[in-house]
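Residue numbers start from 1 in every chain, and the chains themselves are labelled A, B, ... in the order their sequence lines are given, proteins ahead of strands.
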Amino acid sequence: MSLPQDVLGERAAGLPRAEAEYLPPMLATLTHNHFSSPDWIFERKLDGERCLVVRKGGKVRLYSRNRKELNRTYPELVDALRAMHAHGTPDFVADGEVVAFSGQVTSFKRLQRRMQVKDPEEARSSRVAVYLYLFDLPVCDGLDLSSLPLVDRKKVLKVLLEYEDPIRYTAHRNQEGVDYHRQACRKGWEGIIAKRRDAAYTGKRSRDWLKFKCGRRQEFVICGFTEPEGERVGFGALLLGYYDGDSLRYAGQVGTGFDNEFLRSFRETLADIERAEPPVESGQLPSKGVHWVEPEYVGEVGFTEWTGKGRLRHPRFLGLRRDKAPRQVVREEA
DNA sequence: TTCCGACAGTGGGGTCGCAAT
DNA sequence: ATTGCGACCCCACTATCGGAA
């Protein structure tokens with residue numbers, strides 16, 4: 001009797017066999033169409049590093065999204081996964097996310113330095129505590145569970161291990177996606193992931209997993225642009241700023257969200273107001289292929305958060321704003 | 001016929017390591 | 001000693017093409 005059969009009974013009958021080894025992780029698709037549905041479950045969106053666990057014959061290997069081995073970066077997670085009391089000692093492949101916390105919120109910023117560490121001893125002595133949230137189980141006890149409904153895989157995942165920090169099970173909420181998304185944004189989370197209850201584990205980007213993100217957006221003064229590269233037309237990115245009193249502060253660049261028509265026509269518009277000196281306060285400013293312009297235009301930009309250096313993370317251009325004067329553009333806090 | 005999924009290509013911030021300056 | 005670049009992480013988005021609906 002295998003563990004999946006133990007937990008699921010008849011539903012686990014006739015599953016194909018599978019070895020516990022690396023497989024490409026399933027990815028979610030971004031959407032702005034938020035909904036509630038009894039056919040979907042909703043998990044907190046964790047902002048960290050994707051991590052696939054392969055446990056085989058008592059050996060544990062961790063893999064990144066691109067199949068890089070993470071054992072030397074997170075040795076304490078490997079130890080924990082090896083030492084944890086499991087029901088039996090089944091081989092399995094589990095999918096999850098490594099995170100670090102800043103207060104109650106997962107913080108990519110805090111994880112970032114830790115992510116680069118390759119020496120296990122240095123990793124163990126790091127002050128950045130990491131946790132591994134597991135949320136799927138495509139292979140367990142020699143059986144390929146990928147064709148099962150997601151909720152059945154999660155049921156097996158939940159009883160598979162006796163969860164103890166730093167390994168955690170990713171809980172979900174049923175049905176109430178809209179309400180959960182609102183709560184997530186209020187708590188300062190990155191968003192939530194909607195998953196179809198009966199979705200198979202497909203190992204590619206799928207619409208069975210959807211991202212509902214808590215986006216931030218605000219206007220910025222356009223201070224310049226960069227030259228396009230490769231096949232790109234018009235310009236590469238727009239340089240952004242905002243007013244702090246009388247001085248214009250640099251906020252980073254935005255290089256996506258434009259179509260070819262806008263790239264061409266706005267380049268011509270900006271060419272008329274070029275100036276030699278940056279309108280923003282000096283500091284760490286880009287220099288390669290940069291053109292500065294008079295701070296006359298205002299654009300709306302979506303982004304996930306401000307970085308430690310006062311730049312925008314994951315910026316995308318949403319459109320020009322004709323109804324706001326540049327001098328009115330200031331940094332808005334959450 | 002129209003729509004969707006997959007892919008390539010362009011762009012962002014941040015970190016680290018290594019080579020060129 | 002400093003700087004630049006590529007390789008990793010995290011991404012968003014546009015354009016294109018072929019197959020599914």
Side-chain angles (χ1 to χ4, degrees), chain A residues 24-33 45-52 62-70 72-74 97-100 105-119 122-123 126 128 130 190-191 193 202-217 220 222-241 250-264 266-267 283-290 299-319:
Chain A
M26 186 157 171
L27 303 170
T29 303
L30 180 63
T31 182
H32 301 286
N33 180 25
K45 185 173 191 314
L46 301 156
D47 193 15
E49 182 175 19
R50 191 66 174 274
C51 181
L52 209 76
L62 307 180
Y63 293 96
S64 78
R65 179 148 91 109
N66 297 314
R67 205 175 180 164
K68 300 292 167 207
E69 259 212 51
L70 299 176
R72 283 175 300 171
T73 305
Y74 305 114
E97 183 98 357
V98 177
V99 301
V105 182
T106 58
S107 169
F108 185 72
K109 205 183 293 181
R110 280 203 79 213
L111 182 65
Q112 230 168 340
R113 280 199 192 125
R114 178 63 198 274
M115 228 159 55
Q116 314 289 341
V117 175
K118 294 285 176 0
D119 172 38
E122 192 187 336
S126 166
V128 180
V130 296
E190 201 197 357
I193 301 283
T202 56
K204 55 185 177 180
R205 200 170 296 282
S206 158
R207 286 200 145 73
D208 290 339
W209 287 13
L210 298 172
K211 288 183 267 194
F212 294 6
K213 298 191 81 168
C214 300
R216 300 190 52 173
R217 51 193 289 169
F220 289 94
I222 294 163
C223 304
F225 61 92
T226 61
E227 282 295 327
E229 288 183 12
E231 307 300 307
R232 180 76 163 229
V233 298
F235 59 86
L238 296 178
L239 311 182
L240 306 172
Y250 180 63
Q253 311 182 199
V254 58
T256 191
F258 323 106
D259 58 23
N260 286 343
E261 165 57 24
F262 184 85
L263 286 167
R264 259 189 300 267
F266 199 54
R267 166 74 192 241
Q284 283 196 330
L285 298 178
S287 53
K288 200 184 64 175
V290 165
E300 178 102 6
V301 175
F303 59 103
T304 53
E305 63 183 349
W306 290 93
T307 71
K309 291 183 175 172
R311 305 292 154 82
L312 305 179
R313 183 170 172 225
H314 303 154
R316 60 273 185 194
F317 187 74
L318 301 174

| Start at the 5' end of DNA chain C and walk down; is the nucleotide closest to A/Gly48 or to A/Leu30 reached first? | A/Gly48

| Nucleotide C/dC8, atom C1' - distance to CZ of A/Arg67 in whole Å | 17 Å

| said: By nearest atom, which of the nucleotides C/dC10, C/dC11, B/dG13 is closest to the A/Lys211 side chain? | reply: C/dC11

| said: I want to check one thing: is the phosphate of C/dC8, taken as OP1 and OP2, less than 4.0 Å away from some side-chain N or O of A/Ser64? | reply: no

| Rounded distance in Å - CZ (A/Arg72) to C1' (B/dG17) | 14 Å

| task | Give the rounded distance in Å between these two atoms: NZ of A/Lys68 and P of B/dG17. | result | 17 Å

| request: Name the nucleic acid region contacted by A/Phe258, choosing base, sugar-phosphate or nothing; use a 4.0 angstrom heavy-atom cut-off, strictly under. | output: sugar-phosphate

| message | Is A/Asn66 close enough to C/dC9 that one of its side-chain N or O atoms is under 4.0 Å from OP1 or OP2 there? | response | yes

| query | Between A/Glu49 and A/Tyr74, is any pair of side-chain heavy atoms under 4.5 Å apart? | reply | yes

| Can you tell me if the side-chain N/O atoms of A/Lys118 get under 4.0 Å from OP1 or OP2 in C/dC8? | no

| query | Which listed nucleotide (C/dC13, C/dC9, B/dT15) is nearest to the side chain of A/Lys309? | reply | B/dT15

| query | Taking NZ, NE, NH1 and NH2 as the nitrogens, is one of them in A/Arg114 or A/Glu122 under 4.0 Å from a carboxylate oxygen of the other? | reply | no

| said: Can you work out whether A/Arg313 or A/His32 has the more 5'-proximal nearest nucleotide on DNA chain C? | reply: A/Arg313

| Nucleotide nearest A/Arg232 when distance is taken to its side chain, options B/dT10, C/dC10, C/dA15 | B/dT10

| Does A/Lys45 make a side-chain N or O approach to OP1 or OP2 of C/dC10 shorter than 4.0 Å? | no

| Nucleotide nearest A/Tyr250 (side chain, heavy atoms from C-beta), chosen from C/dT14, B/dG13, B/dT10 | B/dG13

| task | Quickly work out the A/Trp306 CH2 to B/dG12 C1' distance and round it to whole Å. | result | 14 Å

| Parallel, tilted or perpendicular, as decided by the 30° and 60° cut-offs, for the rings of A/Phe258 and A/Phe317 | tilted

| C/dT14, B/dT15, C/dA12: which one has an atom nearest the side-chain heavy atoms of A/His314? | C/dA12

| note | Of the listed B/dG12, C/dC10, B/dT15, the closest approach to the A/Gln253 side chain comes from B/dG12

| task | Look at the aromatic rings of A/Trp306 and A/Phe303 and report parallel, tilted or perpendicular, splitting at 30° and 60°. | result | perpendicular

| Student check: side-chain heavy atoms of A/Met26 and A/Asp208 closer than 4.5 Å | yes

| task | Take the protein atom CG of A/Leu52 and the nucleotide atom P of C/dC9, then report the distance between them rounded to whole Å. | result | 13 Å

| said: Looking at A/Arg50, I want to see if its CZ is surrounded by more than 12 non-hydrogen atoms of other residues, nucleotides or ligands under 6.0 Å. | reply: yes

| Quick one: on DNA chain B, does A/Gly252 or A/Arg205 contact a more 5' nucleotide (nearest heavy atom)? | A/Arg205

| query | So, is A/Asn260 near the phosphate of C/dT14, with a side-chain N or O under 4.0 Å from OP1 or OP2? | reply | no

| request: Return the value, rounded to whole Å, for the distance between atom CG of A/Leu62 and atom C1' of C/dC8. | output: 17 Å

| Does any nucleotide pair with B/dC18 by Watson-Crick or G-U wobble geometry, both distances under 3.5 Å, and what is it? | C/dG4

| query | When the distance from CD of A/Gln116 to P of C/dA7 is rounded to whole Å, what number comes out? | reply | 14 Å

| query | Is the phosphate of B/dT15, meaning OP1 or OP2, less than 4.0 Å from a side-chain N or O of A/Gln112? | reply | no

| field | Side chain proximity check, A/Val117 to A/Arg113, heavy atoms < 4.5 angstrom | value | no

| request: Measure from the side chain of A/Ala237, starting at C-beta and using heavy atoms only, and say which of B/dG11, C/dC9, C/dA12 lies closest. | output: B/dG11

| task | Map A/Lys204 and A/Gly236 onto DNA chain B by nearest heavy atom, then report which one ends up closer to the 5' terminus. | result | A/Lys204

| remark: In whole angstroms, the gap separating C1' of B/dT10 from CZ of A/Phe317 amounts to 16 Å

